[in-house]
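Comments concern the structure below.
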Amino acid sequence: MKKVLFLHGFYASGQCVPALALREAFEGRAEVLTPDLPMHPKQAISFIRELCEHEQPDVIVGNSCGSFLAQMTAPTLGIPALLGNPHFQMTEFLKTRIGTHQYKSPRKDGHQEFIIDESLIQEFAELETIQFNQCTPFGKEHIWGLFGEQDTLAHFEPLFLKHYTYSYHFPGNHTPTADEVRKYYVPLVEQLFTLS
């Protein structure tokens with residue numbers, strides 16, 4: 001059975017709508033792992049690398065910040081990835097949101113509150129300067145982008161296409177609905193299975 005690793009967005013968790021929709025869509029056909037990611041990106045990247053070494057996923061699927069993280073890990077691990085609405089400038093997103101926030105979907109550890117501060121922004125800033133250093137010939141062909149035409153939060157398709165070849169669109173917003181995941185994400189994941 002194939003295996004998919006889903007990496008959620010910054011405010012989300014492994015129980016967010018896209019994660020649950022992917023699990024449901026592939027039930028009986030593929031195992032979909034939807035872990036809660038550490039908030040700090042360097043810790044998250046280490047977590048993803050360890051998880052991939054242990055679980056050996058066939059495809060990584062990200063959304064927003066999860067796509068930012070997938071882009072930095074999948075090429076070096078030789079794993080095809082689908083980057084949904086990748087947010088390549090998380091510092092700009094976070095600078096206007098300093099303070100205490102709530103995750104938008106439940107986390108397994110029960111902690112629903114988190115803090116955005118200058119040290120977190122600085123950590124993202126350090127990674128942003130090197131985020132495309134891991135691009136490989138494999139990645140150029142096997143890292144695909146999927147961009148919502150109504151996305152008002154992240155507009156990084158031109159930057160994506162400077163580094164990667166395959167870009168697709170769907171008519172939705174930044175965070176896809178369950179229907180959009182089934183209709184637009186799942187077929188691309190199935191195509192990526194054939195490349196893994």
Side-chain angles (χ1 to χ4, degrees), residues 1-16 18-20 22-23 26 30-91 93-94 103 105 107-109 111 114 116 119-146 154 156 159-160 162-166 185 188-189 191-196:
M1 187 180 284
K2 294 287 189 180
K3 193 177 288 188
V4 178
L5 172 59
F6 177 79
L7 306 178
H8 61 74
F10 186 78
Y11 274 85
S13 74
Q15 299 300 308
C16 65
L20 298 178
L22 264 185
R23 284 211 313 250
F26 281 111
E31 182 181 359
V32 180
L33 308 172
T34 62
D36 291 346
L37 299 174
M39 183 182 65
H40 286 267
K42 291 178 183 177
Q43 188 182 352
I45 286 172
S46 296
F47 173 84
I48 292 162
R49 288 186 186 283
E50 288 177 22
L51 189 62
C52 286
E53 286 173 19
H54 184 258
E55 294 288 347
Q56 300 289 308
D58 297 282
V59 174
I60 297 175
V61 179
N63 193 64
S64 190
C65 183
S67 292
F68 170 77
L69 299 169
Q71 191 276 137
M72 287 186 283
T73 50
T76 58
L77 296 170
I79 303 171
L82 179 63
L83 310 185
N85 289 325
H87 206 308
F88 295 137
Q89 292 180 0
M90 284 298 296
T91 50
F93 173 80
L94 297 172
Y103 287 108
S105 51
R107 296 192 44 114
K108 287 186 177 174
D109 63 9
H111 294 132
F114 65 93
I116 297 172
S119 66
L120 178 66
I121 294 170
Q122 182 56 37
E123 194 175 323
F124 272 102
E126 289 171 20
L127 288 174
E128 280 175 19
T129 63
I130 60 166
Q131 65 180 308
F132 295 107
N133 289 7
Q134 307 305 323
C135 289
T136 61
F138 172 90
K140 190 167 178 60
E141 299 297 314
H142 294 78
I143 309 297
W144 296 359
L146 180 57
F156 298 108
L159 179 57
F160 173 86
K162 286 183 179 178
H163 301 278
Y164 300 107
T165 305
Y166 297 103
Y185 281 64
L188 291 174
V189 173
Q191 288 183 52
L192 285 169
F193 280 155
T194 68
L195 304 179
S196 62

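Values reported hereafter were calculated over all heavy atoms of this structure, with side chains retained and with hydrogens, waters and symmetry mates removed. None of these values were measured; they are calculated from a predicted model.
Side-chain contact between I45 and L127: present, with at least one pair of heavy atoms (C-beta onward) separated by less than 4.5 Å. Considering only heavy atoms from C-beta on, L51 stays 4.5 Å or farther from I48 through its side chain. Residues P80 and D58 have side chains not in contact (no heavy-atom distance under 4.5 Å, counting atoms from C-beta outward). By the 4.5 Å heavy-atom criterion applied to side chains, V61 and V189 are counted as neighbours. For the pair L83 and W144, the minimum side-chain heavy-atom distance is 4.5 Å or more. M39 is listed as a side-chain neighbour of L120, based on a closest heavy-atom distance under 4.5 Å. The side-chain heavy atoms of P18 and Y185, taken from C-beta on, include no pair separated by under 4.5 Å. Within the 4.5 Å cutoff, side-chain heavy atoms of P41 are placed close to those of F124.
Here the OG1 atom belonging to T136 is positioned 10.0 Å from the CG atom belonging to L77, to the nearest 0.5 angstrom. A distance of 11.0 Å separates CG in L22 from CG in L33, rounded to the nearest 0.5 Å. To the nearest 0.5 Å, atom CE of residue M72 and atom CG of residue N133 are 10.5 Å apart. Atom CZ of F156 sits about 10.5 Å away from atom CG of N85, to the nearest 0.5 Å. Distance check, rounded to the nearest 0.5 Å: CZ of F138 to CD1 of I143 gives 6.5 Å. Once rounded to the nearest 0.5 Å, the distance linking CG of L146 with CZ of F160 reads 9.5 Å.
Here the closest non-hydrogen pair linking H142 and L192 is O-CD2, 3.9 Å. Closest non-hydrogen pair, L82 versus G145, comes out as CD1-C, 4.4 Å. Contact between G14 and A19 at its shortest, heavy atoms only, is O-CB, 3.4 Å. Between P75 and G139 the shortest heavy-atom distance is CB-CA, 4.4 Å. Listed here is the closest heavy atom pair of Y103 and A12: CD2-O, 3.5 Å.
E141 pairs by the salt bridge (charged side-chain N to carboxylate O under 4.0 Å, His left out) definition with nothing, not counting sequence neighbours. Looking at residues two or more places apart in sequence or on another chain, you find no side-chain hydrogen bond (donor to acceptor under 3.5 Å, both in side chains) involving T194. By the side chain to side chain contact (heavy atoms under 4.5 Å, CB included) test, K162 pairs with L159, sequence neighbours left out. Remark: L20 pairs with Q15, R23 by the side chain to side chain contact (heavy atoms under 4.5 Å, CB included) rule, at least two apart or across chains. Among residues two or more places apart in sequence or in another chain, the side-chain hydrogen bond (donor to acceptor under 3.5 Å, both in side chains) test is passed with Q191 by none. With sequence neighbours left out, E128 forms a salt bridge (charged side-chain N to carboxylate O under 4.0 Å, His left out) with no residue at all. Partners of F93 under the side chain to side chain contact (heavy atoms under 4.5 Å, CB included) rule, at least two apart in sequence or in another chain, are F10, Y11, H87, M90, R97, L153. Annotation: side chain to side chain contact (heavy atoms under 4.5 Å, CB included) contacts of Q43 (sequence neighbours excluded): P38, H40. Annotation: salt bridge (charged side-chain N to carboxylate O under 4.0 Å, His left out) contacts of K42 (sequence neighbours excluded): E126.
In terms of modelled atom types and a separation under 3.5 Å, the side chain of D36 and the main chain of S13 share no donor-acceptor contact. Remark: the backbone N or O of Q56 is not paired with any side-chain donor or acceptor of K3 at under 3.5 angstrom. Listed for the Q131 side chain is a donor-acceptor partner under 3.5 Å among the backbone atoms of F88. Side chain of H54 to main chain of E50: no donor-acceptor pair is present (N/O by atom type, distance under 3.5 Å, no hydrogens or angles). Looking at T165, its side chain does come within 3.5 Å of a backbone N or O of K140 through a donor-acceptor pair. With hydrogens and angles ignored, the 3.5 Å screen pairs a side-chain donor or acceptor of H8 with a backbone N or O of L37.
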Exercise. Side chain to side chain contact (heavy atoms under 4.5 Å, CB included) between Q122 and T91: does it pass, once the steps are laid out?
Worked result: CA-CA 8 Å; Q122 182 56 37; T91 50; over 6 Å; no

Exercise. Should I60 and L7 be marked as a side chain to side chain contact (heavy atoms under 4.5 Å, CB included) after you check the CA-CA gap, both sets of side-chain angles, and the distance that decides it?
Worked result: CA-CA 7 Å; I60 297 175; L7 306 178; 3.7 Å; yes

Problem set entry | Intermediate values then yes/no, ring-ring contact (aromatic ring centres under 6.0 Å, His included), F26 and F193 | CA-CA 12 Å; F26 281 111; F193 280 155; 5.7 Å; yes

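Sorted by first then second residue, the salt bridge (Lys or Arg N to Asp or Glu O under 4.0 Å) pairs that include residues 67-77, not counting sequence neighbours, number zero. For residues 64-73, every residue pair satisfying the side chain to side chain donor-acceptor pair (under 3.5 Å) rule, not counting sequence neighbours, is listed here: S64-H174, Q71-Y164. Every pair tested for salt bridge (Lys or Arg N to Asp or Glu O under 4.0 Å) that includes a residue from residues 61-82 fails, sequence neighbours excluded, so the list is empty.
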